[in-house]
Each structure stands twice: as structure tokens, then as C-alpha cells.
Chemist: 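Following this message is one structure expressed as C-alpha cells.
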Amino acid sequence: QVPLVESGGGLVQAGGSLRLSCVVSGLSFSSAAMGWFRQAPGRVRDFVARIGPNGKPVFYRGAVKGRFNITRDDAKNTVYLQMNNLKPEDTAVYYCAAGRSDRIGAALTSDYGYDYWGQGTQVTVSS
């Protein structure tokens, strides 16, 4: 097992900001691609953002482009998701995931493209 531990979730008003963190241990973090997914009640888990080794490439779900920013700090084995201008529809459990950097195509933004998952952190945005 590769532990991925998320933190930073919480309750925020619409228009507010949160920064999620995910600390990874037990794998070569610097060579891994890291992703964030989210799952709202009654819905499937959706891709949010991905960052490759050395910070490139970066992909975002269309609904969060311009509001969310994914970054990584290899010295701390940590990936971040800065979320700004939050909306009620952003309410979900957010999951951190790690996978191989050589995935291509749909695997970049799908569950099956990632091998390790965190336990999730709740983000609730009130209107």
C-alpha cells in the first residue's frame, strides 16, 4: 500500500477559497503523475486536475479551469490543489491519486489511469 493523505477540506462560502494538500509516501513521488478527483453525492467520481513530473503537463476539468490550480512540491512529496471562487457545485469529496507518468489518452483523466488513492477530504461550498 502507498499512503496518500489528503487534508485541507472544509466548509466555505461561495466565492471563497481552499487549498487541498496530499502527502505521499512509499513511492517515487518525483516520477509519478498526480491527480485530483472528486465525487459528489449520488454521482460518479470525476476527474478534476492532473500534473505530471516536473510540473508538466497539467490538465484540468473544464468546469474548474481558471479557478483551480494544481501544483507539486517534490521536496515535500506533496501535491496541492488551490481552489478559488468556489461554487456550490464544487461540493464533493476530493481524492488525491498517483499513477504512472506514461499513461496516455483517456487514462490521463480516468480512474483507471491511477494506481493509488487517498481516503478523500470533504469540501462543502454553501450558497
Chemist: State yes or no: do Val58 and Leu108 share one hydrophobic cluster built from I, L, V, M, F, W and Y residues joined by side-chain heavy-atom distances below 4.5 Å, directly or via other members?
Modeler: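 The answer is no; the residues belong to distinct hydrophobic clusters.
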
Chemist: Do Val23 and Leu4 touch side chain to side chain, with heavy atoms closer than 4.5 Å?
Modeler: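 No, their side chains stay 4.5 Å or more apart.
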
Chemist: Taking atom types as modelled and ignoring hydrogens, do the side chains of Thr78 and Asp73 form a donor-acceptor contact shorter than 3.5 angstrom?
Modeler: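 Distance-only check fails for Thr78 and Asp73.
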
Chemist: Indicate the atoms forming the closest heavy-atom contact of Tyr112 with Ala106, along with that distance.
Modeler: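 Closest approach of Tyr112 to Ala106, heavy atoms only: OH-CB, 3.3 Å.
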
Chemist: Can you give me the closest heavy-atom contact between Pro88 and Ala14, atom names plus distance?
Modeler: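 So the minimum-distance heavy-atom pair works out to CD-CB, 4.1 Å.
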
Chemist: Out of curiosity, Leu81 CG to Cys96 SG, how far, rounded to the nearest 0.5 Å?
Modeler: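 Answer for the CG-SG pair, Leu81 versus Cys96, is 9.5 Å.
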
Chemist: Provide the closest heavy-atom pair for Ala40 versus Ala92 in the form atom of the first, atom of the second, distance.
Modeler: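 Closest pair (atom of Ala40, atom of Ala92, distance): N-CB, 3.8 Å.
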
Chemist: Taking Asn85's backbone N and O only, do any of them form a donor-acceptor pair with Arg67's side chain (distance below 3.5 Å, no angle check)?
Modeler: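 Side chain of Arg67 to backbone of Asn85: a pair is present.
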
Chemist: Answer yes if Phe68 and Ile51 sit in the same cluster of Ile, Leu, Val, Met, Phe, Trp and Tyr residues linked by side chain heavy atoms under 4.5 Å apart, and no otherwise.
Modeler: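 Yes; Ile51 is reachable from Phe68 via cluster members.
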
Chemist: Are Phe59 and Phe47 close enough that their ring centres sit under 6.0 Å apart?
Modeler: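 Centroid separation for Phe59 and Phe47: 6.0 Å or greater.
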
Chemist: Working to the nearest 0.5 angstrom, can you tell me the gap between Arg50 CZ and Trp36 CH2?
Modeler: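 Between Arg50 CZ and Trp36 CH2, I get 15.0 Å after rounding to 0.5 Å.
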
Chemist: Roughly how far apart are Tyr80 OH and Arg19 CZ, rounded to 0.5 Å?
Modeler: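 If I round to the nearest 0.5 Å, the distance is 5.0 Å.
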
Chemist: Give, for atom CE of Met83 and atom CG of Asn69, the distance between the pair rounded to the nearest 0.5 Å.
Modeler: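 So the CE of Met83 and the CG of Asn69 are separated by 12.0 Å.
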
Chemist: Under a 3.5 Å distance rule, please check whether Glu6 uses its side chain to pair with a backbone N or O of Cys22 as donor and acceptor.
Modeler: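 Side chain of Glu6 to backbone of Cys22, a donor-acceptor pair under 3.5 Å: no, none is there.
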
Chemist: Between Gln13 and Val125, is the side-chain contact (heavy atoms from CB on, under 4.5 Å) condition met? List the steps.
Modeler: CA-CA 5 Å; Gln13 288 189 331; Val125 185; over 6 Å; no

Chemist: Hey, any chance Tyr114 and Tyr95 share a hydrophobic cluster, counting ILVMFWY side chains that come within less than 4.5 Å of each other, even indirectly?
Modeler: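 Yes, Tyr114 connects to Tyr95 through the hydrophobic network.
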
Chemist: Hey, could you give me the OG1/CD distance between Thr71 and Gln82, rounded to the nearest 0.5 Å?
Modeler: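 Between atom OG1 of Thr71 and atom CD of Gln82 there are 8.0 Å.
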
Chemist: Hydrophobic clusters here meaning ILVMFWY residues chained together by side-chain heavy-atom distances under 4.5 Å, can you tell me if Val93 and Ile70 are in one?
Modeler: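 Each belongs to a different hydrophobic cluster.
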
Chemist: So do the side chains of Phe37 and Asp46 get within less than 4.5 Å of each other, counting heavy atoms only?
Modeler: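 Contact flag for Phe37/Asp46 side chains = no.
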
Chemist: Are Val79 and Val48 connected, step by step, through hydrophobic side chains (Ile, Leu, Val, Met, Phe, Trp, Tyr) whose heavy atoms are closer than 4.5 Å?
Modeler: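 Both belong to a single hydrophobic cluster.
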
Chemist: Decide side-chain contact (heavy atoms from CB on, under 4.5 Å) for Lys76 and Phe29; before the verdict, give the C-alpha distance in whole Å, the side-chain angles of both, and the deciding distance to 0.1 Å.
Modeler: CA-CA 9 Å; Lys76 297 181 178 180; Phe29 180 81; over 6 Å; no

Chemist: Would you say the side-chain atoms of Glu89 and Thr91 include a donor-acceptor pair closer than 3.5 Å?
Modeler: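 Distance-only check fails for Glu89 and Thr91.
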
Chemist: Could you tell me whether the side chain of Arg72 and the main chain of Gly55 form a donor-acceptor pair under 3.5 Å?
Modeler: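 Absent.
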
Chemist: Could you walk me through whether Arg38 and Arg61 pass the side-chain contact (heavy atoms from CB on, under 4.5 Å) test, one step at a time?
Modeler: CA-CA 11 Å; Arg38 67 187 183 187; Arg61 179 181 190 80; 4.1 Å; yes

Chemist: How many angstroms lie between CG in Leu27 and CG in Asp115, if you round to the nearest 0.5 Å?
Modeler: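 The CG atom of Asp115 is 9.5 Å from CG of Leu27, to the nearest 0.5 Å.
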
Chemist: Side-chain contact test, heavy atoms from C-beta onward, threshold under 4.5 Å: evaluate it for Leu18 versus Tyr94 and give yes or no.
Modeler: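 No, their side chains stay 4.5 Å or more apart.
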
Chemist: Before accepting this row, confirm whether a basic side-chain N of the pair Asp111/Arg45 lies closer than 4.0 Å to the acidic partner's carboxylate O.
Modeler: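 Judged by the 4.0 Å cut-off on N to carboxylate O distance, Asp111 and Arg45 do form a salt bridge.
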
Chemist: Just wondering, are more than 12 heavy atoms of other shown residues or ligands nearer than 6.0 Å to CG in Asn54?
Modeler: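 Atom CG in Asn54 is not crowded, with 12 or fewer foreign heavy atoms closer than 6.0 Å.
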
